[in-house]
Number of protein chains: 2
Amino acid sequence: MTHSEENYIKAIFHLANTGIEVISTNALAEKMETKPSSVTDMMRRLSKKGLVHYKKYQGVSLTTLGTKTALSIIRKHRLWEVFLVEKLGFTWDEVHEIAEQLEHIKSEKLIDKLDELLDFPKFDPHGDPIPGKNGEFMEHDNQLLSQLPIGSVALCVGVKDSSAVFLRFLDKNSIALGNKMKIIEKEEFDNSLRILLNERELQISQQIASNLYVKKIEL
Amino acid sequence: MTHSEENYIKAIFHLANTGIEVISTNALAEKMETKPSSVTDMMRRLSKKGLVHYKKYQGVSLTTLGTKTALSIIRKHRLWEVFLVEKLGFTWDEVHEIAEQLEHIKSEKLIDKLDELLDFPKFDPHGDPIPGKNGEFMEHDNQLLSQLPIGSVALCVGVKDSSAVFLRFLDKNSIALGNKMKIIEKEEFDNSLRILLNERELQISQQIASNLYVKKIEL
DNA sequence: TAAAAAATTTAGACAAATCTAAAAATTTGT
DNA sequence: ACAAATTTTTAGATTTGTCTAAATTTTTTA
Ligand SMILES: [Mn+2]
Ligand SMILES: [Mn+2]
Ligand SMILES: [Mn+2]
Ligand SMILES: [Mn+2]
């Protein structure tokens, strides 16, 4: 498999996990930042290799083999991200781009040894679950901060948007994974939240709240 | 730069360091396991990018920029090899192929952090020197075991051939870098050597002796 | 339900990296 | 010195991955 093919497979997997079952040529083109005609070409290639189901004008979806492949690439991506943060001291907003390259390194043994070195982590630095060696994938059933009712207490467990801009915004406001937060008030006008975090009150926009995954703590 | 361009640059560097100044199209084709016509094409591309001096029928050599580029790739290759052995527990015969992939990862910061994690090693697992961050390259002036006179005592410091077959042969015979060896006898018939290594006498063929770098110990 | 709009595919082109076969230049040997 | 051998380049083709522009199919809408 080429890097390009792997990137398409990964993109299809991610789109499929946003709810959509059948992915349109245009949606995939947008995700891949390329042209629909290029997508059509690539879908034919991937289809011939048995990685996707594709019939023209009907959209595309991953085959069992395609899903297995996607999970293996995502596993590598996320393990490398953990390595970069835990062993090399990178910050969580720096690792994605480098992992985009490292995820294409081909060596089963390498990734197993890396997993071991990192002590078999279950989540990457952004709170995303790391697929297992045999393709086990734990979809996290987390809620978004924006979905919690007033008075809730919750642990921050992940980010939905893991762009560097958003991550640096969180750093600036001392919001990190593992933090406990309590929702004090919801502003009707703009759906912003007033939360208590680290003994400190914080005003958070709807935009932010709907990009933070939390796990509710029952009191 | 593409992976392919980087691999050509590295190959030219390695050929240049076997003594030859001007590298022929055929020599490079053989090293790259490709056809001379492909080499001609690539030399034109690299020449246009200012990485090599190339005039047709005149052979090729690296420019200053080309040399700098080669050293940077070799630095990455060798640091990754150290990582694989020291941190992931790979054996020295397994690391070259994986490093061939990892050497193409683009991130200055990554390689600096890796260097730090490894405690700034000066040699890779095969005894080859690791170029510095600013292109400092220490050519090792080691002798080959086959060149030493009888009675010499020397430290084994590197391998000339670092193919997996040769490395596994050394493992099988418990010959490792850092070992002290004394030359007891030289067989006139086939130039094989009888050496003392780890309290053990060992018969070594000329083939083997001429692929082991040693550093003489003055008594 | 037919025209308009949107989505998708096809056709044709291009750059990178490779190949084979043929032509041209250089080197070697007598 | 010149023919033969060798090396190197050129010409033309192929694959991958991309693009633009045009054609086709599907969906929407009036
Ligand atoms: Mn990532
Ligand atoms: Mn990628
Ligand atoms: Mn190597
Ligand atoms: Mn390489």
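Side-chain atoms are counted along with the backbone in the values below, which use heavy atoms only and exclude waters and symmetry mates. So that the names make sense, note that chain A is the first sequence line, chain B the second, and so on, each numbered from 1.
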What is the separation between atom [atom1] on [X] and atom [atom2] on [N], rounded to the nearest whole Å?
| X | N | atom1 | atom2 | result |
| --- | --- | --- | --- | --- |
| Asp41(A) | dT20(D) | CG | P | 13 Å |
| Met32(A) | dG17(D) | CE | P | 10 Å |
| Lys55(B) | dA24(C) | NZ | P | 23 Å |
| Leu46(A) | dT18(D) | CG | C1' | 15 Å |
| Lys35(B) | dT8(D) | NZ | C1' | 15 Å |
| Asn7(A) | dT16(D) | CG | P | 17 Å |
| Glu5(B) | dA17(C) | CD | C1' | 10 Å |
| Met42(B) | dA15(C) | CE | P | 16 Å |

Are any of [X]'s side-chain N or O atoms less than 4.0 Å away from OP1 or OP2 of [N]?
| X | N | value |
| --- | --- | --- |
| Thr34(B) | dC19(C) | yes |
| Tyr54(A) | dT9(C) | yes |
| Arg45(A) | dT16(D) | no |

TODO: Assign each of Gly59(B) and Glu33(A) to its nearest nucleotide of DNA chain D by heavy atoms, then name whichever residue's nucleotide is nearer the 5' end.
DONE: Gly59(B)

- [ ] For Lys56(A) and for Lys56(B), find the nucleotide of DNA chain C with the closest heavy atom, then tell me which residue's nucleotide is more 5'.
- [x]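 This one resolves to Lys56(A).
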
Open item on the list: Can you classify the ring geometry of His3(A) versus His104(A) as parallel (below 30°), tilted (30 to 60°) or perpendicular (above 60°)?
Closed with: parallel

Open item on the list: Is the distance from the ring center of Phe13(B) to that of Tyr8(B) below 6.0 Å?
Closed with: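 No: the rings miss the under 6.0 Å criterion.
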
List every contact pair, protein side and nucleotides 1-7 of chain D side both N or O, where the distance is under 3.5 Å.
none

Open item on the list: Heavy atoms only, 4.0 Å cut-off, all strands: where does Ser37(B) land among base, sugar-phosphate and nothing?
Closed with: base

- [ ] Determine the contact category for Ser38(B): base if any of its heavy atoms lies under 4.0 Å from a base atom, sugar-phosphate if only primed atoms, P, OP1 or OP2 are that close, otherwise nothing.
- [x] base

TODO: Could you verify whether a donor N or O on one side chain and an acceptor N or O on the other, from His126(A) and Glu81(A), lie under 3.5 Å apart?
DONE: yes

TODO: Compute whether any side-chain donor of one residue and acceptor of the other, for Ser24(B) and Asn26(B), lie under 3.5 angstrom apart.
DONE: no

Task: Value rounded to 0.5 Å, distance of NZ in Lys109(A) from CD1 in Ile111(A) - done: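 Going from the NZ atom of Lys109(A) to the CD1 atom of Ile111(A) covers 14.0 Å.
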
TODO: Verify the neighbour count for atom CD of Glu136(A): are there more than 12 heavy atoms of other residues, nucleotides or ligands below 6.0 Å?
DONE: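 Counting neighbours around CD of Glu136(A), more than 12 heavy atoms of other residues, nucleotides or ligands fall under 6.0 Å, so yes.
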
Task: side-chain contact (heavy atoms from CB on, under 4.5 Å) partner of Phe83(B), the single match among Ile98(B), Leu88(B), Val95(B), Asp115(B) - done: Leu88(B)

